[in-house]
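A short write-up of the structure that comes next.
All figures in this text were calculated on a predicted structure; none of them were measured in a lab.
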Amino acid sequence: MSNEITSLFRNITTPKNIQKYEKDIEKLGFNTANIYFSFQIKNVLFIVQKLIKGDTVEEVLKSKKYDISLKKEIVKMILNKMFDVIGQEVIIDWNLKNFILYKGQIFYVDFTPVLYRKNVMLIKSERLKPYTEMLLDEKIQFCSFLGYVCNYLIDLPKETLKVIYEELVLIAEDNGIVINNVDKNSHLMKRKISLISSYLNSNMTKDELKTELLNYSMKHLVYDSRGENDV
């Protein structure tokens, strides 16, 4: 509970509410790693939940043991689920480390901090605005998700990655999400997607892209802006 973001939700991230949050996510049609019980001792939360033994989706995308068709299927499955639940009171963290592939099914496994729209909207900190916007704005959510996917598939041939990128953008557009007019004042995740698009449509090398992407860290943006590097 010492993590700054989690501490913002300290009053709601209680053992009882963690279990409710997991059940609310399950009601949205997600497979979840069921929480058996949880408790808190001083500033530490203990959560006992079902162990899902598969690979995280991040690991799936990075691994060579899975073929590209399966990777595309999984990514599209999660993306379509994102658009199914847009606008819900329950907020999902679409970091692909939070999803596990097990026996052909995708499980959501991370339930802290507890995220509900009404609670996130109470955060007024300007420094944390990039984080809260990412939770509340579907366009920024999509850009963040697309950024994760491209990061994990970055070693694919450029043309292969471009096809996947364009397929995901098309799915977004079919759901009313269009990313355009990106400039230096746009959200970090939008600018990250603009950079990746430039790579896919220019002579920029993969190494140049990897170097540039180091400047597009939400963690560094939010935490370094307070004048500290202790994340």
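Between Ile193 and the options Tyr216, Tyr165, Phe142, a side-chain contact (heavy atoms from CB on, under 4.5 Å) holds for only Tyr165. For the side-chain contact (heavy atoms from CB on, under 4.5 Å) with Tyr199, the qualifying choice from Thr205, Leu213, Leu161 is Leu161, the only one to do so.
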Do any side-chain atoms of residues 82-90 form donor-acceptor pairs under 3.5 angstrom with protein atoms, and if so which ones, sequence neighbours left out?
| from | atom 1 | to | atom 2 | distance (Å) |
| --- | --- | --- | --- | --- |
| Glu89 | OE2 | Arg117 | N | 3.4 |
| Glu89 | OE2 | Lys118 | N | 2.9 |

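Ion pairing of Glu59 with Lys62 is absent here, as no side-chain N (NZ or NE/NH1/NH2) approaches a carboxylate O to less than 4.0 Å. Using a 4.0 Å cut-off between charged side-chain N and carboxylate O, Lys20 and Asp24 make a salt bridge.
Looking only at side-chain heavy atoms (C-beta outward), Ile92 and Tyr108 come within less than 4.5 Å of each other. With contacts defined as side-chain heavy-atom distances shorter than 4.5 Å, the pair Leu45/Ser38 does not qualify. Val109 has its side chain out of reach of Thr32: every pair of non-hydrogen atoms, C-beta onward, lies at least 4.5 Å apart.
Note: Phe99 and Trp94 have parallel aromatic rings, judged against thresholds of 30 and 60 degrees for the angle between ring planes.
Side-chain heavy atoms closer than 4.5 Å link hydrophobic residues (I, L, V, M, F, W, Y) into clusters, and following such links, possibly through other members, connects Leu70 to Tyr152.
Phe30 carries Lys81 over the face of its six-membered ring, with the cationic atom under 6.0 Å from the centre and within 45° of the normal.
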So Asp110 and Lys97, salt bridge (Lys or Arg N to Asp or Glu O under 4.0 Å) or not? Walk me through it.
-> CA-CA 9 Å; Asp110 186 10; Lys97 295 178 181 179; over 6 Å; no
Verdict with reasoning, Asp155 to Lys210, per salt bridge (Lys or Arg N to Asp or Glu O under 4.0 Å) = CA-CA 10 Å; Asp155 288 321; Lys210 288 181 177 181; 2.9 Å; yes
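Judged purely by atom type and a 3.5 angstrom limit, Asn201 uses its side chain to pair as donor or acceptor with the backbone of Ser197.
In this model, no donor atom of one side chain and acceptor atom of the other lie less than 3.5 Å apart for Asn34 and Gln49.
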